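Naming convention: chains lettered A, B, ... in sequence-line order (proteins, then strands); numbering from 1 in each chain. Since the structure is predicted, the reported quantities are computational estimates derived from the model, not experimental observations.
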Amino acid sequence: MNLDTLNPAQREAVEKTEGPVLILAGAGSGKTRVLTTRIAHLMEDKNVQAANILAITFTNKAATEMRERVEETITELDTKDMWITTFHSCCVRILRKGINRIGYNRSFVIYDSSDQVTLVKDCLKELNLSDKVFEPKSVISTISGAKDKLLSPAQFKQLYRDDVRNSKIADIYALYQDRLKRNSALDFDDLIYKTVELFKEDPETLEFYRSRFKYIMVDEYQDTSKAQYELIKMLARQHQNICVVGDDDQSIYGWRGADIRNILEFEKDYDDVHVVKLEQNYRSTQIILDAANTVISNNIERKRKKLWSEKKDGELIKIQLATDELDEAEFIADTISRLKRRDRRKFSDFAVLYRANAQARPVEDALNRSQIPYNIYGGTKFYERKEIKDLIAYLRVIQNPQDDISLKRIINVPRRGIGLRTIEKVEDRASLKQESLYSVLIDIESNSDISSKARKSISDFVDLMGTLRTIKEVYPVSKLIEKVLDTSGYIDELQKDSKKEESEDRIENLKEFISVALEFEQNSEEKDLETFLTTVALTSEASDDEEDDKVSLMTIHTSKGLEFPVVFLTGMEEKLFPISRAITSMRDSDIEEERRLCYVGITRAKEELYMTLTQKRTLYGKTNPSIASRFMEELPGECIERLNKAENELSYSKANYNILDKYTKKYMNNVQKSSIAKKVNATVKDTTKETNIDDIKPGSKVHHPKFGVGTVVMMKGTDVTIAFDNQGLKTINKEYTTLDLL
DNA sequence: AGCCCTAAGTTTTTT
DNA sequence: ACTTAGGGCT
């Protein structure tokens, strides 16, 4: 293996194969190259077997790319047995083999977020809880957070025993887990959680993988959760050849469970850690790096690191103050046209980045007007479309009839006369007999309280599913799908639908899905339905057309790991970037995460960086004057060039946001102090009981755990309407919310 | 059972 | 401003 083309730090990272290694890889420092070379070095020079290597990434894209590059580098050795996968695929693989040892069915299905919502709603119903107070989405994120931290329902309950709301959520969590198990289903977080559980419960399994994976590498280590951290730690225990690669400055997923401490404290967790810093950047000009370095240096919680480049100087960072978002979009479109002509650039050289997806609309309009082709990333995912989800639900039930959630989704789609009342009766019976819905359906004739007409419909449905289950055994997946669409009447229903255009789109999408299946049959080694469903569950996008010469539009989050010659960072305004919630949360760590996001945005640019902001912006139907982002203030003056008279028209003054900050901070402090003084618990545990909280009446100042301070406007039944100072008017149910009287 | 209207909520996203 | 979900009405 020739290592001469690597710089000294990269080379060190490659050659230090034994023991724990932490590679702090700055943006654009050739991290993927180091990882792939390292794997090649292990195999070619150290005689390590492919099967002894485990390389983990976060996205399928990164995994595929790494595999391809490794295979390009090592042509004469067999790399098939090497695991280069995402955390989730890795776990599925382990679980499919051994989850039965912790009492689960090995042919589990994987629930996505909308299945989770459905399931949580069912749980709420069963526990007689209101989905207004316990919004499914928020419950799910709490449960998800618990799983990320490896807290079982019991542990979570114990931890929050004094917190009425979270205690209730613990109950939901417990029931939710129970239902998942009964449906033979796991959610995404379970994939990690249950693998850790399996390792803990079954030493034999752990031992098997532990001795197999002698060399472990983890990419994007700054994005790992506690659960993922634990998983890796368990696996690496024996050989200690654990190499993690990451950049604490690019940790932008704290809100979905990533724990930045994992990378910051790696040196404490393992003995004799060898640290390598990759600081030479091969991507951007020095000017861009100076700006990035300066901005990120405002963060306290970080490992010191400074990017440098051999590409001295370069273009200054251009700042454009637009009047509003339309003007901003116009500027972007004009600049792209101009630069394309002037520098003979391709459209694909440009990227427009923004903090929130809502910002894309005006940019799209402007690009359309200027006839600039673009690709927009994000938005509704292919697999999340209704028709695709319906079809997948059919496939899931065919694969796993215990899946009640999927069964309920399709039992009357297309309509076949099995109404809500009938389903309710079936559900009652199922929970009485502790059986799945499907087994009640099979045995429907013994159910005399259901009309004979409904019974006929049900037995027709059972026949249909039975036939499809037989077909599954003989036909390939694509054929099975055609049969499903055909025999279920799904396509017929769409074809006779009056709203033509929409139905046509749906039929198109279903056809597209069939070609996904065909592609799967060609590429996958295992071609069964179970593997297909897993693949689909673990993939977000069907395919992407990156080939085209188009401008890229995406959020800064999505842009991580990518690079473009010319980048537009848009909406550089307080309350948008940093986003208002990071400002009002009063947590420095939230602002620091926004700043890291800014760092990620800046470092996407190779040659030219434009930053834009507006004087006023219309967002969510309201127009507000803008204040320049604090991150603009943090840019070094010598790196920037203002394209228009920004200074005079808009205050870049630090004072602006400092005042804003101080105001909110002081305010919150007062709230906290006074709320300690007098606390009224307005919560009861049981819906059937009537609450009595005479202390709270219209006019009372109260503090709500989620919405902050407000004044009670109206009380009706158990509903309390409160005008919150920061959130506006909201009605909450006093039975489930702890209100502090101020 | 379907349709229409109102209300509420809008950061980021992978798997 | 806009979408989307849920409730209520026909």
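Whole-Å rounding puts the A:Y377 OH to B:dT12 C1' distance at 18 Å. What separates CZ of A:R596 from C1' of B:dT12 is a distance of 13 Å, to the nearest Å. Here the P atom of nucleotide B:dT11 and the CD1 atom of A:I583 are 13 Å apart, to the nearest Å. Remark: P of B:dA8 and NZ of A:K622 are 13 Å apart, rounded to the nearest angstrom. Residue A:R617 contributes atom CZ, which lies 16 Å from atom C1' of B:dT10 at whole-angstrom precision. In this structure, A:H557 atom NE2 and B:dT12 atom C1' are separated by 4 Å, rounded to whole Å. Rounded to whole Å, the distance from CG on A:N357 to P on B:dT10 is 14 Å. Regarding A:D189, its CG atom lies at a distance of 17 Å from the P atom of B:dT13, rounded to whole Å.
Nucleic acid contact class of A:T618 (heavy atoms, under 4.0 Å, all strands): none. Contact annotation for A:N60: backbone-only contact, meaning every heavy-atom pair under 4.0 Å involves sugar-phosphate atoms and none involves a base. Across all strands shown, A:K121 has heavy atoms under 4.0 Å from sugar-phosphate atoms exclusively, and none from any base. Heavy atoms of A:I579 sit under 4.0 angstrom from at least one base atom. Within the 4.0 angstrom heavy-atom criterion, only backbone atoms of the sugar-phosphate kind lie near A:F58; the bases stay farther away.
With A:R630 as the fixed residue, the salt bridge (Lys or Arg N to Asp or Glu O under 4.0 Å) test singles out one of A:E594, A:E592, A:E574: A:E574.
Taking 4.0 Å as the cut-off between side-chain N and carboxylate O, A:E325 and A:R361 do not count as a salt-bridged pair. The pair A:D324-A:K616 counts as a salt bridge, with a side-chain nitrogen and a carboxylate oxygen less than 4.0 angstrom apart. Salt-bridge check for A:D588 with A:R595: failed, with every basic side-chain N at 4.0 Å or more from each acidic carboxylate O. Using a 4.0 Å cut-off between charged side-chain N and carboxylate O, A:R596 and A:E593 make a salt bridge.
Contact annotation: A:T558 reaches the phosphate of B:dT13 (side-chain N/O to OP1 or OP2, under 4.0 Å).
Counting heavy-atom neighbours within 6.0 Å of A:K149 NZ, excluding the residue itself, gives a total of 12 or less.
Closest approach to the A:R256 side chain among B:dA1, B:dT15, B:dT13 is made by B:dT13 (side chain taken as heavy atoms from C-beta onward). Distance from the side chain of A:W255 is smallest to B:dT12 among B:dT14, B:dT12, B:dT11. Residue A:H88 has its side chain nearest to B:dT15 when only B:dT13, B:dT15, B:dT11 are considered. When distances run from any side-chain atom of A:T59 to the nucleotides B:dT11, B:dT15, B:dT13, the shortest one goes to B:dT15. Comparing B:dG2, B:dT10, B:dT12 against the side chain of A:Y620 picks out B:dT10 as the nearest. Residue A:F188 has its side chain nearest to B:dT15 when only B:dT12, B:dA1, B:dT15 are considered. If you check B:dA1, B:dT14, B:dT12 against the side chain of A:R415, the one that comes closest is B:dA1.
Take the nearest nucleotide of DNA chain B for A:A582 and for A:N412: the residue whose nucleotide is more 5' is A:N412. With the nearest nucleotide of DNA chain B identified for both A:G419 and A:R581, A:G419 has the one nearer the 5' end.
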